[in-house]
Number of protein chains: 2
Amino acid sequence: MQHIVNPTERARGDSLHQRIRSTIEQRILSGEWRPGHRIPFEHELMAEYRCARMTVNKALQSLAEAGLIERRRRAGSFVRRPSVHSAVLAIPDIQAGILARGLAYRYELLHARRCRASRADRETMGALPTGTVLVLRCRHFAARRVFALEHRRIMVDAVPHIGDADFATEPPGSWLLRHIPWHEAELQIAAMNADAEIATLLEVPSGTACLVVDRQTWRAGAAITAVRLWFPGDLQKLVTRFTPTSEAGAK
Amino acid sequence: MQHIVNPTERARGDSLHQRIRSTIEQRILSGEWRPGHRIPFEHELMAEYRCARMTVNKALQSLAEAGLIERRRRAGSFVRRPSVHSAVLAIPDIQAGILARGLAYRYELLHARRCRASRADRETMGALPTGTVLVLRCRHFAARRVFALEHRRIMVDAVPHIGDADFATEPPGSWLLRHIPWHEAELQIAAMNADAEIATLLEVPSGTACLVVDRQTWRAGAAITAVRLWFPGDLQKLVTRFTPTSEAGAK
DNA sequence: AAGTGGTCTAGACCACACC
DNA sequence: GTGTGGTCTAGACCACTTA
């Protein structure tokens, strides 16, 4: 019942569909099967591995979801031609990220006030005209150095129990993650020179290159928060490991 | 045979396992089911949707792969607590990205020479001591402005037919993507001030904040290329849309 | 018209974790 | 032990696409 697997193409994970997947994946990654190459049909793989169609189907669907192959009815499955590099960036919660590096973490609230939603809030986030916005400015420290400067706007009406939050002691990002655990977000990453004010707050020379991350967050279509984080360029690097993909794998 | 689906929880995609998946996903994203909440058992969902176990299994496996739930034998499936934000960054090929924006693209090779692998090549990329490295420096233009400056090292011995490439006319990234379509890579994103030399080449004032992307590429464990790209900070923004995840969904 | 993949069924055995 | 999820089978019907 077992298919004889060449030791060099042996994969971690013992289930048959994982072995089939890995075998094909390695042929693609090694360049043995180039873009456009037709993968064996499901019925051919069934015969090769002596298994049910559901098993090879699971392997091929998994490769299709990963963007390595394209499946076309009546035609077969084909190795895709990668066009964009799709990188999975891990962006940890700031506090957790600093602690994970073994550094001391400190948080400081600089400023907090409530006001009416601005025109920008309405236009970029779809906030209600009558909505109230909580505007926060705070700093994150890693081992006594300023690690990040945070400008945040929270749509008060969309966040239940926000009155219970004490942002003098808890970073708003952490509080929100605890209370609105799942959400959708949009991210922009850019490089900007620190002006005099930003430089003072980050305790770096004026003009220092900073990594600027803008993030907007929604839940069920309703805007929750918008935040801009300034990182001194030498302190924060975003690192990731990936494989190219053909088209957006994410929906 | 059909389960009666509430119109508000109706999903795109008509297959049953997609509907089951979407229904559960919306309960999680809306906050109705908070982290730690136990999803109904597979046999309960079978009864609710009057379908086979494979069908609910496919829906739950898909949610587990997406990082929204955690599955534990004997215990059940539970909504996960997100800890890191995992963003899928789309990083297009430079030429394709500029053309996609409707801008004119131009490429210029500044410098090319072959030399022995340096100590850094060996240490950071695992290049062979006797290996030859092709060192390139080039610029990418979008509508007459300098869009990016590229420093690249290619491990000549690992890339067949590289002698056929004409990097005076074709950007090395495009040539490599055509000839080594699938690979693994590691990416670092940082912000740096342009020094005098970089600023001159980018045609921006000295000290301008730049987005610096370092990428190293392997195929089947063998180093292919390492590249550093400098983007003027105001020109290139990396944009992405995502949902938080619990732990690394990528392997 | 034919043959592919997409989906689904109604079973089954097993590993594992918890009791 | 007991019950969960993990995996697999041997069928089946259908939609779609392409030859």
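Sequence lines set the chain letters: A, B, ... in the order given, protein chains first and strands last, and positions in each chain run from 1.
Residues that satisfy the ring pair (Phe, Tyr, Trp, His ring centres under 6.0 Å) test with Trp33(A), not counting sequence neighbours, are His37(A). Every residue was checked against the salt bridge (charged side-chain N to carboxylate O under 4.0 Å, His left out) condition with Arg34(B), not counting sequence neighbours, and none meets it. Here Arg122(B) pairs with nothing under the salt bridge (charged side-chain N to carboxylate O under 4.0 Å, His left out) rule; sequence neighbours left out. Applying the side-chain hydrogen bond (donor to acceptor under 3.5 Å, both in side chains) test to Arg74(A) and every residue at least two apart in sequence or in another chain returns nothing. Under the side-chain hydrogen bond (donor to acceptor under 3.5 Å, both in side chains) criterion, Arg53(A) pairs with Glu42(A), sequence neighbours left out. Under the side-chain hydrogen bond (donor to acceptor under 3.5 Å, both in side chains) criterion, Arg178(B) pairs with Glu170(B), sequence neighbours left out. Glu150(A) pairs by the side-chain hydrogen bond (donor to acceptor under 3.5 Å, both in side chains) definition with His140(A), Arg152(A), not counting sequence neighbours. Judged as a ring pair (Phe, Tyr, Trp, His ring centres under 6.0 Å), and not counting sequence neighbours, the contacts of Phe41(B) are His43(B). Evaluation of the salt bridge (charged side-chain N to carboxylate O under 4.0 Å, His left out) rule for Arg228(A) yields Asp214(A) as partners, not counting sequence neighbours.
The stretch residues 55-64 of chain B touches DNA chain D through Asn57(B), Gln61(B), each having a heavy atom under 4.0 angstrom from the strand.
Contact annotation: Ser15(A) reaches the phosphate of dT7(D) (side-chain N/O to OP1 or OP2, under 4.0 Å). Contact check, His43(A) against dT4(C): a side-chain N or O comes under 4.0 Å of OP1 or OP2.
Side-chain atoms of Glu42(A) lie closest to dG6(C) of the nucleotides dA10(D), dG6(C), dT4(D).
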**Request:** Mark up nucleotides 12-19 of chain D, 5' to 3', with B wherever a protein heavy atom is under 4.0 angstrom from a base atom, S wherever such an atom reaches only the sugar-phosphate, and - elsewhere.
**Result:** B--BSBBS
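Two residues are said to be in side-chain contact when any heavy atoms from C-beta on lie closer than 4.5 Å; Ile39(A) and Leu63(A) fail this criterion.
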**Request:** Return one dot-bracket line describing DNA chain C 5' to 3' (Watson-Crick or G-U wobble pairs, both distances under 3.5 Å; ( ) same strand, [ ] crossing, | another strand, . none).
**Result:** ||||||||||||||||||.
